[in-house]
Amino acid sequence: MAPRPRALPGALLLHLGLRAALALHAHGDAGGPPGLEGPGDPFGPLRGALRAARASLEAQGRPVADLRAALRRAAGSAGGGPRGAAEDEGISEGGGVPEKNGRYEGASTLLQEEVEMLSDSQREMLRGIQAGSIGKNRVEIVLSHYNESVGWSKMYDAIITPYCKGYRDYHGGYPWTPRNCRQLPNVGREAHTFLHHIIENYDKLADWTVFTQAQAPTVGWSGAAGDRENGHVYPGVTFHDYVLGGGPFSGSGGDSQGARFVFNGHWKPPRQGLEFETVRMCFAGNYYVDMREQGKPKRLNTTCPRLKSKESQLWLGGLPVNQALLAYIDTLGAGSERNLFYSQGARFALSRERIRQRPRGFYEKLLGTLDSEVYPVAGIFAELLWYYIPGRPDKHRQPCVDHAQACPEGYEQLGSSSDHAEDGILQRLNTGSMAECAAACGANRLCESFEYHAHRPKLCVLQPSNNSAEGAQTGFWAGAVACRRTGARRS
């Protein structure tokens, strides 16, 4: 049984000092964006926190690679897929040569088959790329490769810039080694590759840059050990969408924001000062389902599919690692966010304008947290936080609109949909409607708010005053909405 969370006063004071050192940045220092030198530079405290996290993990005998496996297990157990750890695709600290995988190699026709999913405007742009009238100045694909077959990407060969960290001429060359591959040291995983490209091409970036790992972009994550078809694409989306725009990214879905992400997960940072506090995560449903209508793929029309999973918890290894994650979040200017958005698989596209909202120096310093180890702690944090790395650190940068059911008269929404206060609830009830739930709260003098789940089964949870503040909503209950008495205290 896992130990109960407990506060460590000395460590808490250390952490609060770290947060204070970062506060100038986290609250929008007028001196300039993150990455600039000066008293408000957050990278000094961040580097110290990352060193402490690495030392703590080494003392536990826990490889950093275990954190990434734990992250994948959290997604698998919560998102409806098979449980269990999946071996990492490619990079191995043991250095063994992965075997060929016929199933994975068979994905070479994947993108050709998915052309049927495209709109007329997307097909027109694809024809331009294949004809050579649209080149890397318009759109460029940055491919982070380690011994995966890249035969699936051949229709985009003209606009791919591959970076390789694996064996040269692996299995005889193409498709197991991309053509014209640029060799990089085997450090920092895909985050190192992506940041290297941004820094080296900062003054000559394409209109849009697609960042992707090299495994075939198949649907979901199978959970099978060593399966190279763990492509992390959400059903109803195709890799073409990241390259061509449109589809789920149309308009405010990402094209107009300069950032194409599909947010299949939400998570909450660990609370301060708790040694055994976990990262709470919740995922969208249908991640492992091939959705089709009348034999054709069904298109996703949103970048924010509805959360449906049970909450899963990711334990990173204790207080020093939690502190490093919080310092990383602060460095990105996202320290005020209670809920963060996650696009599993590190695949996304960014406009030149979005990338350049941060100075080159910011990316150089972030790269410095990744360039000395195969599995750096910061690489795990980058995978969780890619949406927050490029772009201005706005005070509130929520990419998904909350479509929760409206609270009844006399009540106002508390937090975001699916937020949940789990400890010390008053009562659980089966109710037929939100109005009945509100009436039950009104009849209980200790009830200050309620949580209502409108999907089957319809449930009502009555909450006392200490659970009726946003700070108490430390967990997830997918599909629920919390409503607080109008005029009750806020936090």
Side-chain angles (χ1 to χ4, degrees), residues 1-8 10-15 17-19 22 42-77 84-96 146 165 185-192 195 267-281 312-332 340 342 344 346 365-386:
M1 182 174 178
R4 293 179 60 84
R6 57 188 178 88
L8 300 180
L12 175 57
L13 289 174
L14 171 65
H15 179 57
L18 175 65
R19 299 286 287 215
L22 295 166
F43 281 90
L46 174 59
R47 285 188 288 268
L50 289 171
R51 286 193 295 270
R54 164 61 82 172
S56 175
L57 291 171
E58 288 177 350
Q60 297 174 45
R62 187 181 189 194
V64 177
D66 285 359
L67 301 187
R68 194 164 187 267
L71 178 57
R72 297 298 172 85
R73 282 197 300 272
S77 63
E87 293 177 1
D88 283 312
E89 309 86 345
I91 298 178
S92 165
E93 289 189 296
Y146 185 94
K165 295 183 175 180
N186 184 20
V187 295
R189 297 194 59 87
E190 72 279 352
H192 172 272
L195 291 170
W267 60 282
K268 295 176 183 287
R271 289 173 291 176
Q272 299 179 23
L274 296 180
E275 172 69 12
F276 299 105
E277 178 67 4
T278 59
V279 173
R280 309 296 181 93
M281 308 189 79
S312 61
Q313 298 188 17
L314 172 64
W315 189 68
L316 293 174
L319 185 61
V321 187
N322 288 349
Q323 288 177 333
L325 175 57
L326 292 170
Y328 198 98
I329 294 169
D330 281 344
T331 301
L332 302 181
L340 294 157
Y342 173 49
Q344 191 186 17
K365 290 186 176 182
L366 210 56
L367 182 66
T369 67
L370 296 160
D371 62 1
S372 61
E373 301 171 272
V374 175
Y375 276 107
V377 176
I380 307 298
F381 300 164
E383 184 171 348
L384 282 167
L385 289 156
W386 267 117

> Which pairs, with at least one residue in residues 367-381 and sequence neighbours excluded, count as a salt bridge (Lys or Arg N to Asp or Glu O under 4.0 Å)?
Replying inline: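 Applying salt bridge (Lys or Arg N to Asp or Glu O under 4.0 Å) to every pair that reaches into residues 367-381, excluding sequence neighbours, yields Arg54-Glu373.
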Nearest 0.5 Å please: distance from the [atom1] atom of [X] over to the [atom2] atom of [Y].
X	Y	atom1	atom2	value
Asp330	Leu325	CG	CG	10.0 Å
Leu384	Trp267	CG	CH2	5.0 Å
Asn186	Tyr375	CG	OH	9.0 Å
Leu314	Leu67	CG	CG	7.5 Å

Would you indicate whether the side-chain heavy atoms of [Y] and [X] approach each other to under 4.5 Å?
X	Y	answer
Leu50	Phe381	yes
Gln313	Met281	no
Leu71	Tyr342	yes

If you take all heavy atoms of [X] and [Y], which pair is closest and at what distance?
X	Y	answer
Pro269	Leu340	CG-CD1, 3.6 Å
Leu366	Phe43	N-CE2, 3.6 Å
Ala324	Leu46	O-CD1, 4.0 Å
Gly317	Ser56	O-OG, 4.2 Å
Ala346	Glu190	CB-OE2, 3.7 Å
His192	Leu367	CD2-CD1, 3.5 Å

> Per the side-chain contact (heavy atoms from CB on, under 4.5 Å) rule, which among Leu319, Leu316, Asn322 passes with Glu277?
Replying inline: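 For Glu277, the side-chain contact (heavy atoms from CB on, under 4.5 Å) check succeeds only for Asn322.
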